[in-house]
There are 2 protein chains.
Amino acid sequence: MYEIFQKYLDDKTTLTQAESDYIQSFAIIKKLRKKQYLLQEGDIWKYDAFITKGCLRTYSVDEKGSEHVNSFSIENWWTGDRESLLYQQPSRFNIDAVEDSELVLFTHDNFELLCKEVPAFNAMVNAILQKSFIAAQNRIQASLSFTAEEKYLNFINKYPGFALRIPQTMIASYLGMTPETLSRIRKQTAKK
Amino acid sequence: MYEIFQKYLDDKTTLTQAESDYIQSFAIIKKLRKKQYLLQEGDIWKYDAFITKGCLRTYSVDEKGSEHVNSFSIENWWTGDRESLLYQQPSRFNIDAVEDSELVLFTHDNFELLCKEVPAFNAMVNAILQKSFIAAQNRIQASLSFTAEEKYLNFINKYPGFALRIPQTMIASYLGMTPETLSRIRKQTAKK
DNA sequence: GTAAAAACTTGATATAGATCAAGTGTTTTG
DNA sequence: CAAAACACTTGATCTATATCAAGTTTTTAC
């Protein structure tokens, strides 16, 4: 499955053969069965993880035991807990597989080495971080200014396809509403 | 007021005198009166802006005319609209001064030049972006899992001092509730 | 220094969305 | 392939927070 990551690199950067090989030398391939954890609350996250296939979800569990989905990540995107990684502190999140999935992992030490030694790789990583931040900003704005229905319409517009792969309960949680509310909204918008 | 930015740089990086001078050569000092705009919706944002004094707020206005505060930024922090900057598209946000404020601006072209030519500066910028992203993630989590009261308590705990400088109406908007609700929560929590 | 504007509080009422509950359909798994 | 577990729907009711309204306090600006 490394080819998919290689294709991603070729698309996002211009690398010499030596650089490509160097990057690949650090890659760890990991497969996850549906529902399998990549990270559990309390663990310290130590990787940078690229998804070549499947779908993962990042969520937290509050004192009442309710789950809150922070994000979904699918193939050709990255996942992990940056806060736990940066401060090397126990994670407040769980990450698990929504579908059978395949990942390319780098230990963060190796990843930082790559950033240092391969300028184009570093530039790519910064560009990703920029976009992640912008996406997070937009999510905050949506959560502040949209009604439940608007949140749903915005979601399916922004991420068409997600709705087909991810159980409604999880999408409802991601959007900050109950599954019942989402079910009613879907019924209502289907009519129109 | 450049000294405050210089102190920030000295604190966050190790620079040669030449590098320091180089950075300063691009700095633009800007003063803002309370309520004055730094950026208005529809404008394209072209700077990187560091606050040496005061407090700014970033907000959007929805179709019904309601304002939604996306963030506050105070001295020793950065502000701007990264989405507008990165894609050079009209901003959906307004940024204005909550108090009389002073900024150090860099045009983004110069800023990128600095990132390219001064590695320590580039590293600092990446570290800021990391932290900004983590803060945004945490804000999303809070908005998904907290009640109105928990949001307020989390806010004053995380940003003590903000509550004293920023009108309650704006804080309420930042927290995604009405001013009336915040007023009632404050009354209630004061009793305890 | 005073009038106007803004910010905050408090009460009454409304409502979007939550919760509880029960039924149906659909995967998963031994 | 059967039954348990899970996902979704629908209805009835509840509740946290919004909205509307009026009064008070604080800030702003000439």
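The sequence lines fix the lettering, A, B, ..., with proteins before strands; numbering per chain opens at 1.
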Compare side-chain N and O positions of B:Thr178 against OP1 and OP2 of D:dA18 and report whether any pair is under 4.0 Å apart.
yes
Roughly how many Å is it from NZ in A:Lys64 to P in D:dA16, rounded to a whole number?
11 Å
Which of these nucleotides, C:dC8, D:dT17, D:dT10, is closest to any side-chain atom of B:Ala148?
D:dT17
Can you check the B:Glu180 CD to D:dA21 C1' distance for me, whole Å?
10 Å
Using the closest heavy atom to pick a nucleotide of DNA chain C for each, name whichever of B:Pro179 or B:Lys35 lands nearer the 5' end.
B:Lys35
Taking OP1 and OP2 of D:dT9, is either one under 4.0 Å from a side-chain nitrogen or oxygen of A:Ser183?
yes
Nearest-angstrom distance from the residue atom CD of A:Glu99 to P of C:dT27:
14 Å
Touch check for B:Lys34, heavy atoms < 4.0 angstrom, all strands: base, sugar-phosphate only, or nothing?
sugar-phosphate
Starting at atom CG of A:Leu182, determine the distance to atom C1' of D:dC8, rounded to an integer number of angstrom.
10 Å
Identify which nucleotide among C:dG11, D:dA18, D:dG11 has an atom closest to any side-chain atom of A:Arg184, counting heavy atoms from C-beta outward.
D:dG11
C:dG17, D:dG11, D:dT17: which one has an atom nearest the side-chain heavy atoms of A:Thr147?
C:dG17
What integer distance in Å separates A:Tyr152:OH from D:dC8:P?
11 Å
salt_bridge(B:Glu67, B:Arg57) N-O dist < 4.0 Å:
yes
Atom-to-atom span, CZ of B:Phe146 to C1' of D:dT17 - whole angstrom:
18 Å
Check against salt bridge (Lys or Arg N to Asp or Glu O under 4.0 Å), A:Glu99 and A:Lys53
CA-CA 9 Å; A:Glu99 308 167 349; A:Lys53 177 168 161 273; over 6 Å; no
What is the distance, to the nearest angstrom, from the CZ atom on A:Arg33 to the C1' atom on C:dT29?
13 Å
Would you say a side-chain N or O of A:Lys187 is under 4.0 Å from OP1 or OP2 of D:dT10?
yes
A:Arg165 CZ to C:dT27 C1', straight-line distance once rounded to whole Å
18 Å
Do A:Arg82 and B:Gln137 pair up side chain to side chain, a donor and an acceptor below 3.5 Å, judged on atom types alone?
no
Could you tell me whether A:Thr169 contacts a base, only the sugar-phosphate backbone, or nothing, with contacts defined as non-hydrogen atoms closer than 4.0 Å?
sugar-phosphate
When the ring centroid of B:Tyr47 is compared with that of B:Phe106, is the distance short of 6.0 Å?
no
Go through the steps for B:Asn126 and B:Gln130 under the test side chain to side chain donor-acceptor pair (under 3.5 Å), then give the verdict.
CA-CA 6 Å; B:Asn126 290 154; B:Gln130 290 260 10; over 6 Å; no
Return the nearest nucleotide to the side chain of B:Met177; candidates are D:dA18, C:dA18, D:dT10.
D:dA18
Would you say A:Gln168 reaches D:dT9's phosphate, i.e. side-chain N/O to OP1/OP2 under 4.0 Å?
yes
